[in-house]
**Student:** 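Dumping the structure here so I can ask a few things about it.
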There are 2 protein chains.
Amino acid sequence: MDGVTLILKKYGLAITESRKQILELFKASEGALAHADIEKKSSANFDRVTIYRTLQTFLEKGIIHSIPTADNSVLYALCKDECAITGHHHDNHVHFVCNQCSVAYCLDNITIPEVKLPEGFEPKEAAVVIKGICKNCR
Amino acid sequence: MDGVTLILKKYGLAITESRKQILELFKASEGALAHADIEKKSSANFDRVTIYRTLQTFLEKGIIHSIPTADNSVLYALCKDECAITGHHHDNHVHFVCNQCSVAYCLDNITIPEVKLPEGFEPKEAAVVIKGICKNCR
DNA sequence: GTAACTGCAAAATATTTGCATCCTT
DNA sequence: AAGGATGCAAATATTTTGCAGTTAC
């Protein structure tokens, strides 16, 4: 039983071909993936709709999380274990998007420093997106 | 000559009704606005397309900036003066999105603390989005 | 066998483009 | 007067929904 199958089992999802392959894509990818990437990279051609629904399911289960970007696009990345505890996903990640190659990295092991908020604002989650040049593009 | 006209002049844009009204909306709004908000709130009904093009123009000039959100939506907020220096926009803002009322605040005067990146990553800009409960919803 | 997942079709939304007309400078 | 901005129509692209057939458990 391979890794992706274990993940699906862990979250109580049926083991299907599309789910396995999409998960494999995430594991193989260094960075985050957009819907379009998955559509392009998957050898078997899944239906667009299946990809939408699979991503939605993964999101709800906390297997992946979405990365906010300033333009329209939504990116998804695999969550590390600590990231989803009994469905309660906390998005306290640092993401890095390369200005050159556009790859989005998910830097799970970087902690977000405390940010001072004005009076009356109560923080729950925080996301940081840093843009710059990645290690492969210098 | 009112404030919004001055802004348009400053950036070398023609003074038109739609641009003035959309700028007014931003000034009147406490938080950030989505395309849909503008469409809804503008008394005169501009064409959808005009709003798209106006926002695009404002973005390019650095009059507004976009706020990344984890879902599909894109939000826009007025830039403060320091925010756009000769077309070079730097997005080092802290944004706060309320989980209750969904209003997005642009906290320009909060500085982003240094984040330690892994070897080889060179930061240029950083955006922080914090979610929680805003001052009006407690 | 049953519940859940997928694919297809189609609807609903969102965004972009071309072009003629109108407005700002 | 000239160039840019707008509105309309239409082309694209994106996302959602319903349903019938298939697959996993």
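We name chains A, B, ... by the order of the sequence lines, and we start the count at 1 in each one.
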**Student:** Would you mind reporting whether B/Tyr105 and B/Asn136 have side-chain heavy atoms less than 4.5 Å apart?
**Tutor:** yes
**Student:** Between C1' on C/dA14 and NE2 on B/His35, what's the gap in Å once rounded to a whole number?
**Tutor:** 8 Å
**Student:** How close do A/His65 and A/Leu78 get, heavy atom to heavy atom, and via which atoms?
**Tutor:** CE1-O, 3.7 Å
**Student:** Check whether any side-chain heavy atom of B/Phe96 lies under 4.5 Å from a side-chain heavy atom of B/Ile130, and answer yes or no.
**Tutor:** yes
**Student:** Produce a footprint string for nucleotides 18-25 of chain C: one letter per nucleotide, 5' end first; B if the base is under 4.0 Å from any protein heavy atom, S if only the sugar-phosphate is, - if neither.
**Tutor:** B-----SS
**Student:** Check the distance between D/dT16's P and A/Ile51's CD1 and give it to me in whole angstrom.
**Tutor:** 14 Å
**Student:** Between atom OG1 of B/Thr16 and atom CD of B/Gln21, what is the distance when rounded to the nearest 0.5 Å?
**Tutor:** 9.5 Å
**Student:** Under the criterion side-chain contact (heavy atoms from CB on, under 4.5 Å), I'd like the reasoning laid out for A/Arg19 against A/Leu13: C-alpha separation, chi angles, the key distance, then a yes or no.
**Tutor:** CA-CA 9 Å; A/Arg19 283 174 181 171; A/Leu13 295 174; 3.7 Å; yes
**Student:** Nearest-Å distance, OH (B/Tyr52) to P (D/dA9)?
**Tutor:** 17 Å
**Student:** Over how many whole Å does the gap from B/Gln56 atom CD to D/dA5 atom C1' extend?
**Tutor:** 15 Å
**Student:** How many whole angstroms separate atom CG of B/Leu55 from atom P of C/dA14?
**Tutor:** 14 Å
**Student:** If you write DNA chain D from 5' to 3' in dot-bracket form, with Watson-Crick or G-U pairs under 3.5 Å, [ ] for crossing pairs and | for pairs with another strand, what do you get?
**Tutor:** |||||||||||||||||||||||||
**Student:** Check the pair A/Glu24, A/Asp2 against side-chain contact (heavy atoms from CB on, under 4.5 Å), reporting the backbone distance first and the verdict last.
**Tutor:** CA-CA 10 Å; A/Glu24 287 291 3; A/Asp2 56 359; 3.9 Å; yes
**Student:** For a quick test of reading the model, state the closest non-hydrogen atom pair linking A/Cys106 to A/Ala77 and the distance between them.
**Tutor:** CB-CB, 4.1 Å
**Student:** Indicate the atoms forming the closest heavy-atom contact of B/Ile51 with B/Glu39, along with that distance.
**Tutor:** CD1-CA, 3.8 Å
**Student:** Whole angstrom is fine here: how far is it from CZ in B/Arg48 over to P in D/dA5?
**Tutor:** 21 Å
**Student:** How many whole angstroms separate atom CG of B/Asp47 from atom C1' of C/dT15?
**Tutor:** 12 Å
**Student:** Do B/Val4 and B/Leu33 belong to the same hydrophobic cluster, where Ile, Leu, Val, Met, Phe, Trp and Tyr are linked whenever their side-chain heavy atoms lie under 4.5 Å apart, directly or via other members?
**Tutor:** yes
**Student:** Output the rounded distance in Å from CZ (A/Arg19) to C1' (D/dT23).
**Tutor:** 11 Å
